[in-house]
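Take a look at the structure below.
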Amino acid sequence: MHPAFLYLPGERLSESELSAARIDGHVVEVGDAYIPADLVAGPDVRASSVAALVQPGTAACTQTAAWIHGAGDAPPVVHHVRRCIERRIRPITSARLVFHDTVLPDADVELIGGVPVSTPGRTMLDLATTLHRDPRVLVWMDRLAVAVPGTAELAVVALRDLRRVPGSRVGLAALERLALRRR
């Protein structure tokens with residue numbers, strides 16, 4: 001998506017101008033940004049709308065990555081990013097952002113709209129291993145399984161290969177249920 005079609009509040013137009021354009025039907029909200037009403041809000045648009053939250057050296061992950069991949073219409077209230085470089089970084093955090101300080105391997109990162117995002121399979125795996133702490137991610141897992149078919153099956157295989165991962169039994173059970181439901 002060309003950056004000219006993405007309107008971030010305060011850059012070219014103020015928040016009040018963008019709100020008025022939204023009321024008039026000229027633009028629609030996508031994450032933290034606005035796009036022309038006739039533009040399709042695909043993964044590149046979704047990723048670009050949260051690009052300011054994804055700092056250098058990090059990648060969108062879990063719920064944020066699921067939303068970028070097409071899971072659901074509305075973005076998560078709190079976005080998640082994860083370190084994707086070996087060296088430690090000093091994250092800029094906010095109430096709208098959770099920083100996970102574990103390394104996301106290069107093989108599990110893809111660029112969408114110029115923004116690093118965890119792959120659908122890795123996103124599903126991370127959501128599954130989070131399920132024991134936060135049952136609300138089950139909704140994101142279900143939406144991701146619908147948006148990107150086959151992700152539950154990929155995550156089952158990946159989770160079975162891992163050893164001593166907290167939440168793996170709960171996550172594996174949920175993934176197997178999702179995989180069976182999609183057949």
Side-chain angles (χ1 to χ4, degrees), residues 8 30-33 43-148 150-178:
L8 294 168
V30 177
D32 293 346
D44 58 333
V45 173
R46 291 176 180 215
S48 297
S49 74
V50 294
L53 295 172
V54 182
Q55 306 163 51
T58 66
C61 66
T62 60
Q63 294 97 315
T64 303
W67 175 71
I68 289 170
H69 290 300
D73 295 329
V77 175
V78 177
H79 291 283
H80 294 257
V81 296
R82 189 166 167 187
R83 185 165 49 105
C84 62
I85 56 174
E86 287 298 321
R87 66 176 172 77
R88 302 288 296 251
I89 59 174
R90 188 176 306 239
I92 300 168
T93 59
S94 72
R96 298 188 52 231
L97 183 71
V98 174
F99 173 72
H100 302 275
D101 197 17
T102 53
V103 179
L104 189 61
D106 288 340
D108 293 332
V109 178
E110 61 183 334
L111 281 179
I112 300 176
V115 177
V117 179
S118 64
T119 61
R122 182 55 191 237
T123 299
M124 184 66 86
L125 177 65
D126 290 343
L127 289 168
T129 56
T130 305
L131 186 58
H132 74 287
R133 288 183 312 226
D134 186 2
R136 296 173 296 182
V137 301
L138 187 57
V139 173
W140 289 100
M141 291 172 66
D142 190 43
R143 291 174 181 168
L144 184 59
V146 171
V148 186
T151 53
E153 292 83 357
L154 283 173
V156 165
V157 171
L159 191 53
R160 284 188 179 144
D161 289 343
L162 298 176
R163 298 286 173 251
R164 299 181 51 92
V165 176
S168 59
R169 282 186 290 197
V170 172
L172 189 58
L175 288 170
E176 287 172 344
R177 281 192 303 272
L178 281 174

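Starting from 1, each residue takes its place in the sequence as its number.
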query = Should Leu125 and Leu162 be marked as a side chain to side chain contact (heavy atoms under 4.5 Å, CB included) after you check the CA-CA gap, both sets of side-chain angles, and the distance that decides it?
reply = CA-CA 11 Å; Leu125 177 65; Leu162 298 176; 4.2 Å; yes

I need the [X] [atom1] to [Y] [atom2] distance, nearest 0.5 Å.
X	Y	atom1	atom2	result
Thr62	His79	OG1	NE2	10.5 Å
Leu178	Leu144	CG	CG	9.5 Å
Ser49	Asp44	OG	CG	10.0 Å
Asp126	Leu131	CG	CG	12.5 Å

request  = Return yes if some donor-acceptor pair links the side-chain N/O of Ser168 with the main-chain N/O of Arg164 below 3.5 Å, else return no.
outcome  = no

query = Under 3.5 Å, side chain of Arg82 to main-chain N/O of Thr102, donor-acceptor pair present?
reply = yes

Validation: residues 85-96 side-chain donor-acceptor distances under 3.5 Å, sequence neighbours left out:
residue, atom, partner, partner atom, Å
Arg88, NE, Asp101, OD2, 2.9
Arg88, NH2, Asp101, OD2, 2.4
Ser94, OG, Arg96, N, 3.2
Arg96, NH1, Asp32, OD2, 3.2
Arg96, NH2, Asp32, OD1, 2.7
Arg96, NH2, Asp32, OD2, 3.0

ask   = Can you list the residues that meet the salt bridge (charged side-chain N to carboxylate O under 4.0 Å, His left out) rule with Asp161, with sequence neighbours excluded?
value = none

Can you name the nearest heavy-atom pair linking [X] to [Y], along with the distance?
X	Y	answer
Met124	Ala155	CG-CB, 3.7 Å
Val117	Ala59	N-CB, 4.1 Å
Gly114	Pro116	O-CD, 4.0 Å

I want to check something: taking the side chain as every heavy atom from C-beta on, are [X] and [Y] in contact at a cut-off of under 4.5 Å?
X	Y	value
Thr58	Phe99	yes
Glu176	Leu172	yes
Leu97	Val81	yes
Thr129	Leu159	yes
Cys84	Val103	no
Met141	Leu175	yes

inquiry  = Run the ring pair (Phe, Tyr, Trp, His ring centres under 6.0 Å) test against His80 and tell me which residues pass, sequence neighbours left out.
reply    = His100

query = Pairs in or reaching into residues 106-115: which pass side chain to side chain donor-acceptor pair (under 3.5 Å), with residues at least two apart or in two chains?
reply = Asp108-Arg122

Where at least one partner belongs to residues 105-125, residue pairs that pass ring-ring contact (aromatic ring centres under 6.0 Å, His included), sequence neighbours excluded = none

Residues 65-76 side chain polar contacts: donor-acceptor under 3.5 Å, at least two apart:
residue, atom, partner, partner atom, Å
Trp67, NE1, Asp73, O, 3.3
His69, NE2, Ser118, O, 2.7

note = Per side chain to side chain contact (heavy atoms under 4.5 Å, CB included), Arg136 is matched among Leu138, Asp134, Val139 by Asp134

